[in-house]
Amino acid sequence: MKNLKTLILFLVGVLVSYTPLSATTILQNTSQDYVEYKGEVINSNSEDIIMNAHISVNETNISTVTNSEGKFSLKVPTGISPATVNISYLGYQSKNLPLSYFKPEGTLIYLDPVMEELSEVKVYEAGNARGLVRAMLDNRGDNYIDDPTQMTAFYRESITKGNRNASLSEAVVKIHKKPYSHYGEEDIELIKARKTADYDRLDTLALKLRGGPFNTLFIDVMKYPDYLFYEENLDNYEFNFEEPTRIDNRYLYVVSFKDLNKEMPWFFGKLYIDAETQSLVRAKLNMNVDNRRAATNMFVNKKPGGTKVYPIEVMYDIDYHQQDGKWYFGYSNAKLLFVVNWKKKLFNSRYQVNSEMAVTNWQLETEDRIKKNENFLNKRVVMGDDISGFTDLQFWGSNNIIEPDKSIQNAIDKIQRNIQ
């Protein structure tokens, strides 16, 4: 599990006494004209909201996702109208709507759940589950964008103590992504960033997530398979077929897996694999952290004396999207729940760290060699503090972002007032 442990140390958290940081923060605006459309994606049967639905402008690389309340904000350059917009989510029939359907506020989009049962022929054409996963990994150079790619992405990181928001970071970044057949690690360039925090809510502690946007980039299973299936030795895992599903009119095998090695914190979860191309479309990963001492050693880099800190829940989601017959990394989310026990306190504290990143546009790299500057992030970065960004209405320009949840927006307002 050497590769996995190296990854986790890049990604996860530090509990330290708070000291101001001087991370790079760039406040620049774009002058491109655009139109912003807002709305909500809803289950047509139950009228429940659909979170993490993918919304993309056809024949472009522009996209966004819905937030945890099913709401979205889509910014489209004025020059591409008329256009059609595709809305899709796992287990639902996708929908194409003209851009003229969308409104600046209150656009309602209903998706129909997939009701038909999949035939046995469609369910089991892949052979054994382990063999399907092996084919999925072996074919990644053919099934995924295999050219150097520059992706624009929106990153959000929030930290809560109990039910109270304590810290929020957001950034627009450029990901310099290597080909999927290339083993080199990728770079992230910071374009815009902002952070606000109320450290009084953290009991003199600041829970800091080391790795920042790299958190959500390095769980790209198809780019970094060794981090999950260490050394790609699939014999160390148990695989089983589950009930299949569909997305965007494509049939998907669903393969559950779990690590057979229980000595360290170990992965289990589900892989959603396209039946036609044997491409990974989505992955839901969980880490068993019942071994508290091992989990603490893996996740906690530093903590004050007189405390015990350990994770009790670790979850990752990854989505891939398709363009022109090739799949690419589109969205990822990491959820980490920590417990802090103080030696002289009767009750413990629980901290939840959520980080997510959505690719909102991409293009092939035009330069053979990337020239790094001070805006490129270190893989151990901790997002720095910047308050002014929240008060600048034009801060994000034409970049697509994940619409803030009500709880996050309320947290921004409350934290802002407390700091002022």
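Please read these numbers as outputs of a predicted model, since none were measured by experiment.
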For this session: Assess the side chains of Asn354 and Glu356: does a donor N or O sit below 3.5 Å from an acceptor N or O?
Result: no

Problem set entry | Proximity of Phe338 and Tyr351 rings by center, below 6.0 Å | no

Exercise. Do the non-hydrogen side-chain atoms of Phe241 and Val254 ever get within less than 4.5 Å of each other?
Worked result: no

Problem set entry | Lys178 bridged to Glu185 by N-O distance under 4.0 Å | no

For this session: Please say which of Asn291, Val289, Thr296 ends up in a side chain to side chain contact (heavy atoms under 4.5 Å, CB included) with Tyr310.
Result: Thr296

For this session: Kindly indicate whether the side chain of Leu108, heavy atoms from C-beta on, has any atom under 4.5 Å from the side chain of Tyr110.
Result: yes

Exercise. Is the NZ atom of Lys326 crowded by more than 12 outside heavy atoms at less than 6.0 Å?
Worked result: yes

Problem set entry | Pair Phe72-Ile109, side chain to side chain contact (heavy atoms under 4.5 Å, CB included): steps then yes or no | CA-CA 11 Å; Phe72 68 87; Ile109 301 172; 4.0 Å; yes

Problem set entry | Beyond-backbone contact of Asn43 with Glu47, side-chain heavy atoms, under 4.5 angstrom | no

Exercise. Relative to each other, are the rings of Tyr320 and Phe329 parallel, tilted or perpendicular (30° and 60° limits)?
Worked result: perpendicular

Exercise. Is the CD atom of Glu59 crowded by more than 12 outside heavy atoms at less than 6.0 Å?
Worked result: no

Problem set entry | Within-4.5 Å side-chain heavy-atom neighbours: Met151 and Tyr328 | yes

Problem set entry | Salt bridge present between Lys177 and Asp220 (N-O < 4.0 angstrom) | yes

Exercise. Under the 3.5 angstrom rule, does the side chain of Tyr89 hit a backbone N or O of Ser94 as a donor-acceptor pair?
Worked result: no

For this session: Measure the shortest side-chain to side-chain distance between Tyr272 and Thr245 over non-hydrogen atoms and say whether it is less than 4.5 angstrom.
Result: yes

Problem set entry | Check: Trp362 main-chain N/O paired with Asn61 side-chain donor or acceptor under 3.5 Å | yes

